[in-house]
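Proteins get letters first, then strands, A, B, ... in listed order; numbering begins at 1 in each.
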2 protein chains.
Amino acid sequence: MNVLIVDDEKSIVKGLKHSLEQQGYNVFAAYNGAEALEYLEKNIIDFIILDLMLPDTDGMMLCKRIRQKFDIPILMLSAKDGDYDKILGFEFGADDYMTKPFNTLELIARMKAIIRRTDRKSDDKSIVRDDLVINRNERKVYLRGEEVKLTAKEFDVLYLLASNPGRVFTREDIYSMVWKEEAYDVRTIDVHIKNIRDKIEDKNHHKYIMTKWGVGYYFNKN
Amino acid sequence: MNVLIVDDEKSIVKGLKHSLEQQGYNVFAAYNGAEALEYLEKNIIDFIILDLMLPDTDGMMLCKRIRQKFDIPILMLSAKDGDYDKILGFEFGADDYMTKPFNTLELIARMKAIIRRTDRKSDDKSIVRDDLVINRNERKVYLRGEEVKLTAKEFDVLYLLASNPGRVFTREDIYSMVWKEEAYDVRTIDVHIKNIRDKIEDKNHHKYIMTKWGVGYYFNKN
DNA sequence: AAAATCAATTAACTATATATTCAATAAAAA
DNA sequence: TTTTTATTGAATATATAGTTAATTGATTTT
C-alpha cells in the first residue's frame, strides 16, 4: 500500500512517514503541487495525504485536479479550522479532513477507514449480462465462456457503458471519462465502438451496445 | 433524505435536529439502542448519527449490528477522545467519527461527504407527470408504461419544457437553449412541438404541451 | 537498432435518420 | 370579419452513424 504525503513542512512529513512505515505502508513525499502531480503520473499510489497550504498551488485546486484524473482517496490537512464544508463538500472531493495539529493515531485510523470503504466496492465485481462477463480486476471479457481479447481502450469504453446500463453517454462523455482529457476528434469513439461490436456481437445474438441517434451510445439493459 | 439520530442526550438531539432540518433533511430520533433498531426495521433511513454511549447498549456493538443488517452509512459520536482506532477501524464499520463537543457545520459537511461518496451513481433524474415519465439519463420517455421514441431534438425540447413546468418559453428561448445557437427560422420549433404532441398526446387524455398564444409554449402544470 | 506487431487515430466514403423549409389550411384574437 | 398566429404534411436538405482503409504511434521481437 503506497501512501503519498504532500506537505512542505518537513517535520510533519518526517513524523508521519515514520509512523506510517511502522504500520507497514510505503511512504512517498512531495513538497509541492508540481512534484505531487509528477509523482502520481509515474507511480501507483493508493492514498494521498494532502496539506491545504503548499508553496506553489492551492491545496484545494490540487485536490480537484487529482480527483479529475485519478481515483485515489485523499485526506486533507489544514492548519485552520472552519473550512470543512469547502473541503468535504462537493467541489473538491476530498474524502476526509483533519486540522493541524492532529493525532497521528487518529489519522491512521481515518486512513484505514477510508481505505476499507473504498475497497469494499473494488472487490471482484464482475458485470454479467447474458452471454457476456466483464471482469474489472482482470480486465478480461468472456463471451459464452470464451475469452474475448479487447485492447485497453476498448475495455475501458465497454466497462464504462456496461457499468451503467441504459444510461446514454455522448461521445464527449466517453472520451473525457476514458481518456481523461478533452476530445479533439470524437469520431474515434465510433471506430472503437465498431471494433468492440465486432468482437462481442454477431447477427445471431442480440446487441449489447446500442446507438442513441443524435446523442451517443448506451449499454443494452435487456 | 432521512437521518436517524441515536443519542440519549436530549439537548444534542434537539440542536442537531434543528440544524439538519434547516438543511432540508427529515430527522428522526431514537434515545437508545432498542429504539434505534426498531426504527430501522420500520422506516427507510439514509444516514445514522450514533452516539457511543447509550443507556442500554454499547454504541460499538450497536454499530456492528446495524452494519450486519443494513447498508446505511454511520457517523459515530463519542465524548472521549482516543477511541478512533476502534471506532474507525475494521471491527465496527463506522464511516466517520467525531468527538463531543462537535461543530455542527463540520458534522453536516462530513455527513454530506459520506452521502456523496456512497451515493455517486444514484443521480437518476426522472421527471414524472401523470402518465408521462421522462428519464434524463436514458433519454427515454414512457407514456402509460409504454416507451415513446423521440428523436434527440424532440427529447431535448420536451425535457426543457417539462423541467420547468408552467414557465413559458418563446421559440427563441427554446432554440437557443436546445440548439445552442441563434435561430434563423423559429417555425422549426412549431414542427417539433407538433411531432412531440403527436407522440405523447391524444384527444382522450389531457395535453402536456400548452401554447401561449403570441408568446410560445409551456409544459402543463396540472 | 531495425523490423515486426499491435493499438489508436484519422480520413474518406456510404447509408440512413432526422431536421428544416415551404405552402396550404386551421384556429384564435382583435 | 379581419388579421394574426399556429398547425400540418410533404419535399428537400442536412447531420449523424457505420464502415473500411490508411496512417501514425507505441511496444515487442529478432
Side-chain angles (χ1 to χ4, degrees), chain A residues 41-42 139-141 147-161 168-203 206-220, chain B residues 139-141 147-161 168-203 206-220:
Chain A
E41 292 284 358
K42 293 183 184 160
R139 296 181 62 89
K140 283 183 177 173
V141 175
E147 188 185 344
V148 177
K149 296 239 178 244
L150 297 191
T151 69
K153 286 277 187 292
E154 286 165 9
F155 183 89
D156 290 340
V157 171
L158 177 62
Y159 188 83
L160 174 65
L161 297 180
V168 180
F169 292 85
T170 66
R171 291 174 176 73
E172 284 77 12
D173 288 342
I174 296 171
Y175 205 97
S176 69
M177 287 173 175
V178 170
W179 277 252
K180 296 183 194 308
E181 58 188 63
E182 284 314 300
Y184 293 107
D185 178 7
V186 93
R187 299 302 310 273
T188 181
I189 303 292
D190 297 39
V191 180
H192 281 294
I193 294 288
K194 177 192 183 297
N195 292 336
I196 297 168
R197 281 174 171 164
D198 283 351
K199 291 179 181 179
I200 66 170
E201 295 174 359
D202 58 66
K203 33 189 166 297
H206 83 129
K207 287 173 65 107
Y208 289 107
I209 297 178
M210 314 295 281
T211 302
K212 192 77 177 180
W213 239 85
V215 188
Y217 299 96
Y218 65 100
F219 197 79
N220 198 344
Chain B
R139 297 182 63 94
K140 283 184 175 172
V141 175
E147 188 186 342
V148 178
K149 297 231 180 257
L150 298 191
T151 69
K153 285 275 189 299
E154 287 165 9
F155 182 89
D156 290 339
V157 171
L158 177 61
Y159 188 84
L160 174 66
L161 297 179
V168 180
F169 291 86
T170 67
R171 290 173 177 70
E172 285 77 10
D173 289 341
I174 296 171
Y175 204 97
S176 67
M177 287 172 174
V178 171
W179 277 253
K180 299 189 193 310
E181 58 187 65
E182 286 314 301
Y184 294 107
D185 179 4
V186 292
R187 305 273 64 151
T188 293
I189 303 295
D190 299 37
V191 179
H192 282 293
I193 294 288
K194 173 201 179 290
N195 293 335
I196 297 167
R197 282 175 171 162
D198 282 352
K199 291 178 181 179
I200 65 170
E201 294 174 359
D202 58 65
K203 35 191 165 297
H206 83 130
K207 287 172 66 107
Y208 289 107
I209 297 178
M210 315 296 281
T211 301
K212 188 80 177 179
W213 240 84
V215 187
Y217 300 96
Y218 65 98
F219 196 80
N220 198 342

Between atom [atom1] in [X] and atom [atom2] in [N], what is the gap in whole Å?
{"X": "B:Leu158", "N": "C:dA19", "atom1": "CG", "atom2": "C1'", "result": "17 Å"}
{"X": "B:Arg139", "N": "C:dA17", "atom1": "CZ", "atom2": "P", "result": "18 Å"}
{"X": "B:Lys153", "N": "D:dT14", "atom1": "NZ", "atom2": "C1'", "result": "11 Å"}
{"X": "A:Lys199", "N": "D:dT19", "atom1": "NZ", "atom2": "P", "result": "16 Å"}
{"X": "A:Asn195", "N": "C:dT9", "atom1": "CG", "atom2": "C1'", "result": "11 Å"}
{"X": "A:Met210", "N": "C:dA17", "atom1": "CE", "atom2": "P", "result": "14 Å"}
{"X": "A:Asp185", "N": "D:dA17", "atom1": "CG", "atom2": "P", "result": "13 Å"}
{"X": "B:Leu150", "N": "C:dA17", "atom1": "CG", "atom2": "C1'", "result": "15 Å"}

- [ ] Could you tell me whether the side chain of B:Arg197 and the main chain of B:Ile209 form a donor-acceptor pair under 3.5 Å?
- [x]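 Yes; at least one donor-acceptor contact below 3.5 Å.
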TODO: Measure from the side-chain N and O atoms of B:Lys140 to the backbone N and O of B:Glu147, and report whether any donor-acceptor pair falls under 3.5 Å.
DONE: no
Task: Nucleotide nearest B:Trp179 (side chain, heavy atoms from C-beta), chosen from C:dA8, C:dT9, C:dA19 - done: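 The closest nucleotide is C:dA19.
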Open item on the list: What I want to check is whether the side chains of B:Thr170 and B:Asp173 have a donor and an acceptor closer together than 3.5 Å.
Closed with: yes
Task: Sugar-phosphate only, base, or nothing, as touched by B:Tyr175 at under 4.0 Å among non-hydrogen atoms - done: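 Answer is sugar-phosphate: B:Tyr175 comes under 4.0 Å of backbone atoms only.
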Open item on the list: Could you measure the distance from the OH atom of B:Tyr175 to the CD1 atom of B:Ile189? Nearest 0.5 Å is fine.
Closed with: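 Answer rounded to 0.5 Å: 7.0 Å.
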Task: From OH (B:Tyr217) to CD1 (B:Ile196), nearest 0.5 Å - done: 10.0 Å
TODO: Establish, with yes or no, whether the OP1 or OP2 oxygen of C:dA7 is under 4.0 angstrom from a side-chain nitrogen or oxygen of A:Thr151.
DONE: no
- [ ] Considering just the side-chain nitrogens and oxygens of B:His192, establish if one lies under 4.0 Å of OP1 or OP2 belonging to C:dT18.
- [x]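 The answer is no; no side-chain N or O of B:His192 sits under 4.0 Å from OP1 or OP2.
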Between the protein and nucleotides 5-9 of chain D, list every N/O to N/O distance that falls short of 3.5 Å.
| unit_1 | atom_1 | unit_2 | atom_2 | d |
| --- | --- | --- | --- | --- |
| D:dA6 | OP1 | B:Gly214 | N | 3.3 |
| D:dA6 | OP2 | B:Arg171 | NH2 | 3.4 |
| D:dA6 | OP2 | B:Arg187 | NH2 | 3.3 |
| D:dT7 | OP1 | B:Arg197 | NH1 | 2.7 |
| D:dT7 | OP1 | B:Thr211 | OG1 | 3.2 |
| D:dT7 | OP2 | B:Tyr217 | OH | 2.6 |
| D:dG9 | OP2 | B:Lys194 | NZ | 2.8 |

Open item on the list: Report for the helix from C:dA1-D:dT30 to C:dA30-D:dT1: angle between first-end and last-end helix axes, five pairs each, rounded to 10 degrees.
Closed with: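 The angle, to the nearest 10 degrees, is 40°.
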Open item on the list: With salt bridge (charged side-chain N to carboxylate O under 4.0 Å, His left out) as the criterion, how do A:Asp198 and A:Lys194 come out once you've worked through the C-alpha distance, each side chain's angles and the decisive distance to 0.1 Å?
Closed with: CA-CA 6 Å; A:Asp198 283 351; A:Lys194 177 192 183 297; 2.6 Å; yes
Task: Partners meeting side chain to side chain contact (heavy atoms under 4.5 Å, CB included) with B:Val191 (sequence neighbours left out) - done: B:Asn195
- [ ] Scan B:His192, B:Lys149, B:Lys199 and name whichever one has a side-chain hydrogen bond (donor to acceptor under 3.5 Å, both in side chains) with B:Glu154.
- [x] B:Lys199
Task: Salt bridge B:Lys153-B:Asp156, side-chain N to carboxylate O under 4.0 Å - done: no
